[in-house]
Engineer: 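Take this structure first; my questions come after.
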There are 2 protein chains.
Amino acid sequence: MTSPRTAGTAPRTALTRARVLESAVALADRDGLGALTMRSLARELGIEAMSLYHHVANKEDLLDGVVDVVAAEIQEAVGELEPLADDAPPSAWKPAMRRQILTARSVLLRHPWATTVLESRTSFSLHIVRYYDSLLGLMRHGGLSYDLVHHAMHALGSRALGFSQELFEPDGAAAGSAAGGAAQEGADDAATAMLTQMADEVPHMVEMLAEISHEEPGSTLGWCDDQTEFEFGLDILLDGLDRLAEREKR
Amino acid sequence: MTSPRTAGTAPRTALTRARVLESAVALADRDGLGALTMRSLARELGIEAMSLYHHVANKEDLLDGVVDVVAAEIQEAVGELEPLADDAPPSAWKPAMRRQILTARSVLLRHPWATTVLESRTSFSLHIVRYYDSLLGLMRHGGLSYDLVHHAMHALGSRALGFSQELFEPDGAAAGSAAGGAAQEGADDAATAMLTQMADEVPHMVEMLAEISHEEPGSTLGWCDDQTEFEFGLDILLDGLDRLAEREKR
DNA sequence: GTCGTAAGACTTACGTCGTAAGTCTCCATC
DNA sequence: GATGGAGACTTACGACGTAAGTCTTACGAC
């Protein structure tokens, strides 16, 4: 019992804020955001709920923390991209920004619950701010005025971080891409059926559904490819910003 | 006691689903979404919490209901706009759509909590679908293919309904416009101070803040005019879609 | 070795939430 | 006037976050 704690057997001080946050992320990844409660997290770590309060101030602080972990992951992924050379042509800002945003998106796709938490934060994570700063840097490289850059960040909104809120995503995970086939199909079918039933009330909707769905085989499944749609919207915004930048220069 | 119920004194059957939902909206408007609980809503109506379950299946259903109320309000407001004449030029689709979206937005600004609920819904309200259908109609008038229309709806995302999620809105209500001056200013100042402190880590951010803030007097207050920013982003998207529509025609 | 100390765990308890299950009470109908 | 059912009330349960207090353990100073 009085053995030196330097050996295995899980010393008491093994629990740190970092490990708590890591566990929280893992738990949310595995069981969803709803499953992330103080009690379940404690169970995960083999301790009591109240012990968590030695490492996080409260649940809000815990959520701030997990956002920070994800943000750090984003920053790391973005850091691995090759940076824009100082002597790259100004026009290089756009593809560079596109790449960086899609990289951030790839991280968020690994943590579908994170967008929800992100949206609910009122304070910002240092990592996120740094990420934003790098976006600003790219736009400045492109010669955009700070005024335009500011508007740009608002226009992009959550797209700057790699997600866009899809309204009425029928049941699937917030920003999940590939997974969730069968269940998704069922929900899509139900929705399609409902809309078809009131064809005279929403004629365009029904007609659009008809056209979209037999475009590719497999009927309704794959109505929408999230990744494609995301890039479509992103490109419109980037192109629009580029155009405004050109106009500014003149 | 055995008096005829046909006179005043609040007959028992006065409570209906509609009245429950109306009260819920009023409560959320007044005290925020967090204050909308089954118990508080019941108190508002002068009944017990469990009695609500005669009019709504559960809390989810209640939230579906309040969304529907707001959606109806949107539809009504949009319905008051003068409709696009059949013989209007195709190019009229864009300003018409803009007008319609900004009208929807004006309704949502009256119910700042609604965006949050809207995002959390998994099923759709009939009123919302009808609203969407009218947007589709406008785009079809403009000659856009259903394929492009489909992409357009994804690209617009929540903007189609009149809001965009601003990340890290420092403390203020979700999409609140005018109100909340002093508190907001404090939060802004705190954020500015924090960022300035790490100027070397986020150089562009700090520089941008410096430029933006002394553009208009009143220092940081009014950093961002939500309405202006919303329209800026909306116009980029509409212009981009218009351009794609032109390209399609060729 | 012994012991004081404080970090970090555990225990208990409270108030809130949504809601399952059951009861009572009025009113419309026959 | 009896009856059936709608619509209210009552009670209770198991989550949740967390305030407040207690016990345990490892470690530095003696």
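In the text below, chain A, chain B and the rest are named by the order of the sequence lines, each starting its count at 1.
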Engineer: According to the Watson-Crick and G-U wobble definitions, with both distances under 3.5 Å, which nucleotide is paired to D:dG14?
Structural biologist: C:dC17

Engineer: Charged N to carboxylate O under 4.0 angstrom, A:Glu60 versus A:Arg121?
Structural biologist: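 So A:Glu60 pairs with A:Arg121 through a salt bridge.
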
Engineer: Please report, rounded to the nearest Å, how far the P atom of C:dT19 is from the CG atom of B:Leu41.
Structural biologist: 13 Å

Engineer: What is the base-pairing partner of D:dG4, counting Watson-Crick and G-U wobble geometry with both distances under 3.5 Å?
Structural biologist: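 In the structure as shown, D:dG4 has C:dC27 as its Watson-Crick or wobble partner.
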
Engineer: Map A:His54 and A:Arg39 onto DNA chain D by nearest heavy atom, then report which one ends up closer to the 5' terminus.
Structural biologist: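 The residue closer to the strand's 5' end, by nearest nucleotide, is A:Arg39.
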
Engineer: Of the listed nucleotides (D:dT18, D:dA8, D:dT10), which one gets closest to any side-chain atom of B:Met50?
Structural biologist: D:dT10

Engineer: What is the distance from CG of A:Leu52 to C1' of C:dC10, rounded to the nearest Å?
Structural biologist: 12 Å

Engineer: Please give, in whole Å, the distance from D:dC9 P to B:Leu45 CG?
Structural biologist: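 Distance check: B:Leu45 CG to D:dC9 P gives 10 Å.
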
Engineer: Please determine whether a side-chain nitrogen of the Lys or Arg among B:Arg30 and B:Glu44 lies less than 4.0 Å from a carboxylate oxygen of the Asp or Glu.
Structural biologist: yes

Engineer: What's the CG-P distance between A:Asn58 and D:dG17, to the nearest Å?
Structural biologist: 11 Å

Engineer: Ignoring hydrogens and geometry beyond distance, is a side-chain donor-acceptor pair present between A:Thr37 and A:Ser40 at under 3.5 Å?
Structural biologist: yes

Engineer: Would you mind reading off the distance between A:Tyr53 atom OH and D:dA20 atom P, rounded to a whole angstrom?
Structural biologist: 13 Å

Engineer: Between D:dG17, C:dT11, C:dA9, which nucleotide has the shortest distance from any of its atoms to the side chain of A:Glu48?
Structural biologist: C:dT11

Engineer: Which nucleotide in the set C:dA9, D:dG17, C:dG18 lies at the smallest distance from any side-chain heavy atom of B:Thr37?
Structural biologist: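 Closest nucleotide among those given: C:dG18.
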
Engineer: So, OP1 or OP2 of D:dG7: does either fall under 4.0 Å of a side-chain N or O from B:Ser51?
Structural biologist: no

Engineer: Are any side-chain N or O atoms of A:Tyr131 and backbone N or O atoms of A:Leu126, one a donor and one an acceptor, separated by less than 3.5 Å?
Structural biologist: no

Engineer: Reckon A:His55 has a side-chain N or O less than 4.0 Å from the OP1 or OP2 of C:dA7?
Structural biologist: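 The answer is no; no side-chain N or O of A:His55 sits under 4.0 Å from OP1 or OP2.
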
Engineer: Judged by each residue's nearest nucleotide on DNA chain D, which is more toward the 5′ side, A:Ala57 or A:Gly34?
Structural biologist: A:Gly34

